[in-house]
Amino acid sequence: MMDKSFDFAAAEGRASALWEETGAFRAGRPDRTAAQPFCVVIPPPNVTGNLHMGHALNNTLQDVLCRYWRMSGRDVLWQPGVDHAGIATQMVVERQLMERQEPDRRALGRKAFVERVWAWKAESGGAIVAQLKRLGASCDWSRERFTLDEGLSRAVVKVFAQLYREGLVYKDKRLVNWDPKFQTAISDLEVVQVESKGSFKWSREDGAPLDAAALAKVLAKNPNGHLYYFEYPVVDDGGDETGERITVATTRPETMLGDTAVAVHPDDPRYQHLIGRRVRLPLVGRLIAIVADEYSDPEKGAGAVKITPAHDFNDFEVGKRHEAEGARPINILDAQGRVTLRGNVDFFEGLESDNDHARLIAALHGQDRFVARSRIVEMMALAGLLARIEPHAHAVPHGDRSNVVIEPWLTDQWYVDAKTLAEPAIEAVRDGKTQFVPKTWEKTYFDWLGNIQPWCVSRQLWWGHQIPAWYAPWGAVYVEETEEAAYAAGLADGVERGALAQAEAQALASDPARLAETFTRDEDVLDTWFSSALWPFSTLGWPDETAELKRFYPTDTLVTGFDIIFFWVARMMMMGLHFMPEIPFRDVYIHALVRDERGAKMSKSKGNVIDPIDLIDRFGADALRFTLAAMAAQGRDVKLSEARIEGYRNFATKLWNASRFAEMNGCVRVEGFDPSAVREPLNRWILGEAAQAAAETAGAIEAYRFNDAANAVYRFVWSVFCDWHLELAKPVLQGPADPAAKAESRATIAHVLDTIYAMLHPFMPFLTEELWAITGETGPRRAGPLALGPWPAQGFEVDAEVEAEIGWVADLIAEIRSVRSEMGVAPSNLTPLILIAPSERAGKSARAWSESIGRLARVGSIETAQAAPPGALLLVVRGETVALPLAGVVDLTAERARLDREIAKEKLEIAKVVAKLGNDDFVARAPEEIIAEHQERLETFQARLVKLNNARERLERI
RNA sequence: GGGCGCUUAGCUCAGCGGUAGAGCACUACCUUGACAUGGUAGGGGUCAGAGGUUCAAUCCCUCUAGCGCCCACCA
């Protein structure tokens with residue numbers, strides 16, 4: 001005997017154990033070797049991560065696909081794994097060291113620190129995997145990979161080395177986005193723009209001196225959002241000030257220390273006479289050139305722009321163009337974003353001797369960039385060279401992880417020539433080899449790849465894939481897959497260059513200690529996304545030619561959020577096409593972002609994060625999964641509300657109780673049940689509806705319309721099977737029906753429940769697996785867990801006759817219920833039902849279904865008459881008139897009003913259709929079936945109107 | 001500045017050329033033997049606004065207004 005409600009917590013445990021025991025999610029099961037493969041690679045969550053709503057949605061959708069195809073007989077591989085997440089993980093462990101007051105990263109040293117991170121990973125890195133399992137993710141967990149494990153590392157170095165050989169990876173000295181907090185370079189994608197607007201306003205014109213304290217206070221809160229107008233004195237050829245000044249505006253005053261030019265537009269009439277002159281850089285005293293460059297926009301700022309090549313991407317380019325005029329980069333910031341002047345040779349080069357270097361160094365050297373900012377502004381004001389300060393809205397780049405302002409900084413880094421790799425990636429999508437769903441994302445993909453910049457892949461971190469590059473004392477670099485190979489290449493090359501004597505090389509080759517001293521490995525590690533980009537083939541065993549690689553690559557579908565199209569999808573396309581060389585996946589399904597009820601992005605700082613595990617605890621994993629699938633309409637954000645989850649929890653309860661009802665009524669599965677041999681109309685009807693619902697669900701899943709699929713199941717289970725089939729079957733099951741009919745009904749219900757469990761399983765795997773097990777205890781033996789199928793057979797159709805009969809009964813019941821409710825007839829009042837001159841079929845149906853009609857419509861008896869008795873309520877149901885003799889029970893004025901309303905409604909509909917059919921253009925141009933449909937509708941309406949009018953007239957005569 | 005998207009019932013959202021839908025909320029009634037995590041009935045929408053295309057527009061096009069996102073932008 002089943003419990004009264006579904007204990008999801010217990011069932012989740014049981015189902016998980018069953019799947020584990022039976023190896024249900026294993027790819028390459030012996031029974032599927034001949035089956036078509038289906039493969040999805042999981043977007044590997046960060047090892048530091050906890051399951052958030054985005055994961056829940058993403059993995060629910062993948063799981064729906066995988067479970068559906070697995071049930072349909074395919075050999076499914078859902079490849080799981082976790083990402084080592086360079087910065088994030090290093091951060092977590094560093095924080096842990098700090099909290100425990102242990103020696104920090106640097107004190108520990110690289111080797112010990114990395115060991116420490118591995119220890120952390122072993123201890124607490126698997127949390128997210130356990131959470132995915134709780135969600136029900138049907139990954140082949142036996143194949144779990146980690147982006148830093150041995151096999152994947154082998155793939156990474158091979159890829160790096162090969163790209164290097166091909167000239168697609170190179171080292172370059174240029175400006176990078178530098179994160180002063182983590183002290184590493186980051187890629188363009190890891191930079192987020194933050195809008196900033198200050199409030200401080202000051203102008204020299206007003207006469208009041210600058211209130212430096214007030215400014216500092218404002219800047220302490222937000223150092224950005226102001227535009228500062230500086231005046232640089234123009235000097236003559238002898239270096240003496242001419243008295244003229246040129247005004248430049250900046251949002252970063254501290255960078256003026258590194259200014260090496262002032263640029264004006266070549267056509268700007270205001271500055272023609274100044275082009276080629278020099279200015280004295282205030283505070284510093286260095287003489288810098290006024291150059292003509294198109295970059296300068298006369299409309300912006302002061303019209304002339306200061307050029308700081310070492311600290312601004314645009315200025316760097318301008319500087320390159322004007323190198324001859326002295327506009328070389330002068331770096332004035334250190335790795336932590338502090339001003340650095342002492343020992344800064346470039347900075348002092350060309351200084352006038354009468355400047356007070358010591359004063360400047362004392363005031364600024366070693367100061368944080370933002371402290372220096374207000375100091376400089378103050379000093380400029382004191383020098384009388386600050387014209388004004390204005391609030392200025394602009395976007396400031398921040399590190400997406402560190403959340404500090406990013407500095408463009410001149411360093412040596414490794415770059416991937418993304419432009420070359422992007423071409424095949426663009427082509428593959430253009431040719432339709434890989435398709436985005438929804439298609440609109442293709443534009444985003446093309447736009448980005450079309451303008452792609454070199455990808456900075458080196459990171460000054462310790463946790464990650466160390467770059468396989470070794471430097472020799474003679475200034476050469478050797479990029480190889482292994483240390484041994486690098487040494488060998490280095491020695492050979494050293495000899496060739498003449499840097500090493502042959503004998504010396506030989507001696508070195510057999511002395512590991514000296515080799516290690518001679519060649520030093522690049523300290524940097526690779527961007528985490530570099531290894532993620534290889535995920536679809538590295539997880540399948542590449543660079544080995546494994547059976548899995550052969551069988552499952554290209555994968556079928558990638559399911560991911562649009563926020564990582566650039567980070568991940570595009571890069572997988574590039575790497576997959578270059579190394580396999582084939583597309584990594586055929587379809588890319590892009591789903592929405594999960595937001596809170598009000599549409600705000602969930603974030604820890606806003607405190608609006610909903611924890612999926614908490615929801616699973618409260619409502620069950622199935623309810624959460626169903627909600628996410630039902631809301632995953634293409635191209636929309638998912639705004640999650642708890643009420644919705646609760647509703648779907650109730651849905652699970654509903655099905656549970658329907659199953660319980662079946663159990664109580666002896667609905668046991670029957671060996672070899674054949675839907676096409678079923679006789680009873682009601683049973684034939686529900687079998688047809690079930691088959692249709694299953695087909696609808698399958699079609700929707702295959703088209704990635706998850707919401708349609710979920711709704712199709714929901715509607716069938718609740719509104720068709722429970723509301724109508726079970727209710728109409730009750731008299732058969734519980735009354736004195738003919739034993740054969742009873743048996744058939746029982747078998748049908750059991751069969752339909754099996755169909756329901758199957759088509760609901762991709763969405764609610766735990767509930768359905770549990771019900772599958774419970775109902776499996778009776779009847780024929782189950783072949784295995786529901787997770788392995790079968791998906792319901794399709795192709796069975798309801799015949800029209802059956803639909804007409806059951807449909808008429810259902811409509812009749814609904815109509816009677818509606819009128820009774822409207823007229824305020826008490827449920828306890830079992831009224832007679834009189835069929836007025838019924839057709840033969842209606843009479844037959846009414847007799848056949850008298851018990852159900854009685855029960856569901858609160859009808860006491862069913863009679864037939866040629867005319868309605870006076871004062872009876874008349875209804876028209878699919879052309880048949882029926883009467884409820886309620887004279888004296890109901891208020892006839894109310895009934896008149898009701899009929900009038902009905903008539904008016906009918907007339908309105910008729911008028912609309914008549915107008916359309918009366919339109920010559922419509923008749924001439926609309927397709928025939930549309931016209932026929934309108935005609936049919938008109939006839940139906942008119943017939944109904946006639947009967948309604950009759951009823952109304954009869955009422956008038958009373 | 002460039003691009004993408006949204007505006008449909010009180011709320012959250014489907015639908016996207018031919019009779020406006022769901023869930024939740026709301027109202028009334030129902031302790032009916034699967035289920036009150038339930039049942040029955042009901043109210044509620046000039047489908048943002050203005051033009052246009054079409055026999056026909058919530059759906060296609062243009063514009064306007066509001067909202068959101070992505071990319072670029074530290075004068």
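Please read these numbers as outputs of a predicted model, since none were measured by experiment. Naming: A, B, ... by sequence-line order, numbering from 1 per chain.
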If you restrict it to nitrogen or oxygen atoms, what contacts under 3.5 Å exist between nucleotides 41-47 of chain B and the protein, and what is each distance?
{"from": "B:A41", "atom 1": "O3'", "to": "A:Ser818", "atom 2": "OG", "distance (Å)": "3.4"}
{"from": "B:A41", "atom 1": "O2'", "to": "A:Ser821", "atom 2": "OG", "distance (Å)": "2.8"}
{"from": "B:G42", "atom 1": "OP1", "to": "A:Ser818", "atom 2": "OG", "distance (Å)": "3.0"}

Provide a list of protein-nucleic acid N or O atom pairs under 3.5 angstrom, restricted to nucleotides 51-56 of chain B.
{"from": "B:C55", "atom 1": "OP1", "to": "A:Arg925", "atom 2": "NE", "distance (Å)": "3.1"}
{"from": "B:C55", "atom 1": "OP1", "to": "A:Arg925", "atom 2": "NH1", "distance (Å)": "2.1"}
{"from": "B:C55", "atom 1": "O2'", "to": "A:Asn919", "atom 2": "ND2", "distance (Å)": "3.1"}

Distances for protein N/O vs nucleotides 30-33 of chain B N/O pairs under 3.5 angstrom?
none

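Considering only residues two or more places apart in sequence or on other chains, A:Phe436 meets the ring pair (Phe, Tyr, Trp, His ring centres under 6.0 Å) condition with A:Tyr445. With sequence neighbours excluded, no residue forms a ring pair (Phe, Tyr, Trp, His ring centres under 6.0 Å) with A:Phe619. Not counting sequence neighbours, the partners of A:Ser203 by the side chain to side chain contact (heavy atoms under 4.5 Å, CB included) test are A:Glu205, A:Asp206, A:Arg388. For A:Phe8, the ring pair (Phe, Tyr, Trp, His ring centres under 6.0 Å) test picks out no residue, with sequence neighbours left out. Residues satisfying the ring pair (Phe, Tyr, Trp, His ring centres under 6.0 Å) criterion with A:Phe567, sequence neighbours excluded, are A:Trp529. Residues satisfying the side chain to side chain contact (heavy atoms under 4.5 Å, CB included) criterion with A:Asn829, sequence neighbours excluded, are A:Arg820, A:Val825, A:Thr831, A:Leu886, A:Val889.
Residues in residues 910-935 of chain A take part in these ring pair (Phe, Tyr, Trp, His ring centres under 6.0 Å) pairs, two or more places apart or across chains: A:Phe922-A:His934.
Consecutive Watson-Crick or G-U pairs involving RNA chain B, each under 3.5 Å on both distances, make up stems of three or more pairs at B:1-7 with B:65-71, B:10-13 with B:21-24, B:26-30 with B:38-42, B:48-52 with B:60-64.
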Could you tabulate the donor-acceptor pairs under 3.5 Å formed by side-chain atoms of residues 714-733 of chain A, not counting sequence neighbours?
{"from": "A:Glu727", "atom 1": "OE1", "to": "A:Lys730", "atom 2": "NZ", "distance (Å)": "3.3"}
{"from": "A:Glu727", "atom 1": "OE2", "to": "A:Lys730", "atom 2": "NZ", "distance (Å)": "3.1"}

